[in-house]
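Structure first, commentary second.
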Amino acid sequence: MNAGRNPQLGPDGRLVHLLTLEGLPAATILSILDAAEPFASFGEREVKKVPLLRGKAVFNLFFENSTRTRTTFEIAAKRLSADVINLNIGASSTSKGETLLDTIDNLVAMNADMFVVRHSQSGAPHLIASHLLATGRSHVHVVNAGDGRHAHPTQGLLDLYTIRHYKRDFRALSVAVVGDVLHSRVARSLIHGLATLGTPDVRVIGPRTLIPARVEGMGVRVFHDMRAGLADCDVIVMLRLQNERMKGALLPSAGEYFKHYGLTDGKLALAKSDAIVMHPGPMNRGIEIDSPVADGERSVILPQVTFGIAVRMAVMSMVAGN
Ligand code: NCD
């Protein structure tokens with residue numbers, strides 16, 4: 001394969017896979033957000049379908065658990081009129097010893113047109129896309145639905161969509177990303193997207209044990225004091241504590257964490273009076289976010305879920321060539 005080329009862009013620069021927001025041109029990101037706009041009100045229509053993926057087989061390959069992401073990808077593919085096949089991989093062939101690429105080859109032999117891949121190993125979707133390219137099957141597309149700690153590009157895009165919906169201009173915003181940044185593919189994808197779209201002030205807030213070393217290289221400012229970090233920001237993105245990814249004790253206790261980094265009405269008052277509160281879900285109430293904030297009028301957590309379907313429709317129809 002051509003090692004120098006960004007494998008998610010075709011020779012003509014068109015998006016053929018979505019693997020990461022890192023290195024994706026601003027024009028491409030904005031074209032996805034624009035393409036999602038008409039789909040965002042789709043759920044209110046009587047007939048919630050367009051034929052953009054009619055006759056295409058979309059395989060949902062979730063090697064790691066997910067409810068929201070898998071379901072919204074399935075809804076998005078169905079609204080595009082695709083045939084959707086959900087594979088519960090944990091319970092099937094890889095547990096019998098089959099390699100990832102053998103699984104892929106078998107599904108391509110069943111005429112798969114697109115793979116939506118979630119995997120606990122960073123780089124798995126990239127590996128699949130490179131394999132398809134190297135074996136001359138570049139008509140099959142890959143969409144990363146979250147790989148390890150690396151990237152969650154459709155989550156990043158739906159977060160960008162939500163921010164643009166409520167705040168319009170990325171170039172005039174302060175965005176705070178709070179919590180377990182170390183283990184968060186959500187944070188990484190959002191930070192890459194915000195940097196590309198010219199957001200001047202991106203802050204990461206969390207305890208020293210949960211902020212990656214050299215994160216400033218991504219163009220963010222680091223705060224360990226949440227009150228200082230939230231001052232006058234426009235957007236607050238709360239992250240889930242990824243206990244399943246933590247090796248050893250990185251935190252004293254849930255109660256102690258909530259005291260310092262849980263978002264309460266008191267801490268929210270330090271942000272701008274019209275600041276919005278986001279969370280990718282699933283939320284841990286009382287650990288990273290207090291219920292009155294999660295359910296409060298500044299919370300846009302449920303609109304994020306709805307926008308996620310529209311963004312996934314836009315991504316799938318674009319990589320498939322529409
Ligand atoms: C995120 C994920 O899986 O990375 N959730 C999601 O996509 N709905 C965030 C998380 O699990 O904390």
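Predicted model, so just to flag it, every value in this text is computed and none were measured. Both counts, for ligands and for their atoms, begin at 1 and track the order of listing.
Contacts between Arg118 and ligand 1, counted as non-hydrogen atom pairs separated by less than 4.0 Å, involve the side chain only.
Those atoms of ligand 1 with a heavy atom of Thr69 less than 4.0 angstrom away are 6 (C), 7 (O), 8 (N). Atoms of ligand 1 lying under 4.0 Å from any heavy atom of Val186, numbered from 1 in the order shown and given with element: 1 (C), 4 (O), 9 (C). Atoms of ligand 1 lying under 4.0 Å from at least one heavy atom of Arg68, given by number and element, are 8 (N).
The single protein non-hydrogen atom nearest to atom 11 (O) of ligand 1 is Arg240 NH2, 2.9 Å, given as residue, atom name and distance. Closest protein heavy atom to atom 7 (O) of ligand 1: His152 NE2, 2.7 Å. Among protein heavy atoms, atom 4 (O) of ligand 1 sits closest to Arg185 NE, 2.7 Å. In this structure, atom 9 (C) of ligand 1 lies nearest to the protein heavy atom Gly281 O, 3.5 Å.
Of the N and O atoms on the side chains of Asp159 and Gln304, at least one donor lies less than 3.5 Å from an acceptor on the other residue.
Note that CG of Asn144 and NE2 of His17 are 12.0 Å apart. Values are rounded to the nearest 0.5 Å.
Checked by atom type and distance alone, the side chain of Asp180 pairs as donor or acceptor with a backbone atom of His183 at under 3.5 Å.
Note on ligand 1: Gly146 sits outside its first shell, no heavy atom being nearer than 4.0 Å.
Relative to the ring axis of Phe73, Arg312 places its NZ or CZ within 45° and under 6.0 Å from the centre.
Nearest heavy atom pair, residue Ile191 against residue Val220, reads CG2-CG1, 3.7 Å. For Gly262 against Lys267, the heavy-atom pair with the smallest separation is O-NZ, 2.6 Å.
Under the ring-ring contact (aromatic ring centres under 6.0 Å, His included) test applied with Phe307, the options Tyr161, Phe42, Phe39 reduce to a single match, Tyr161.
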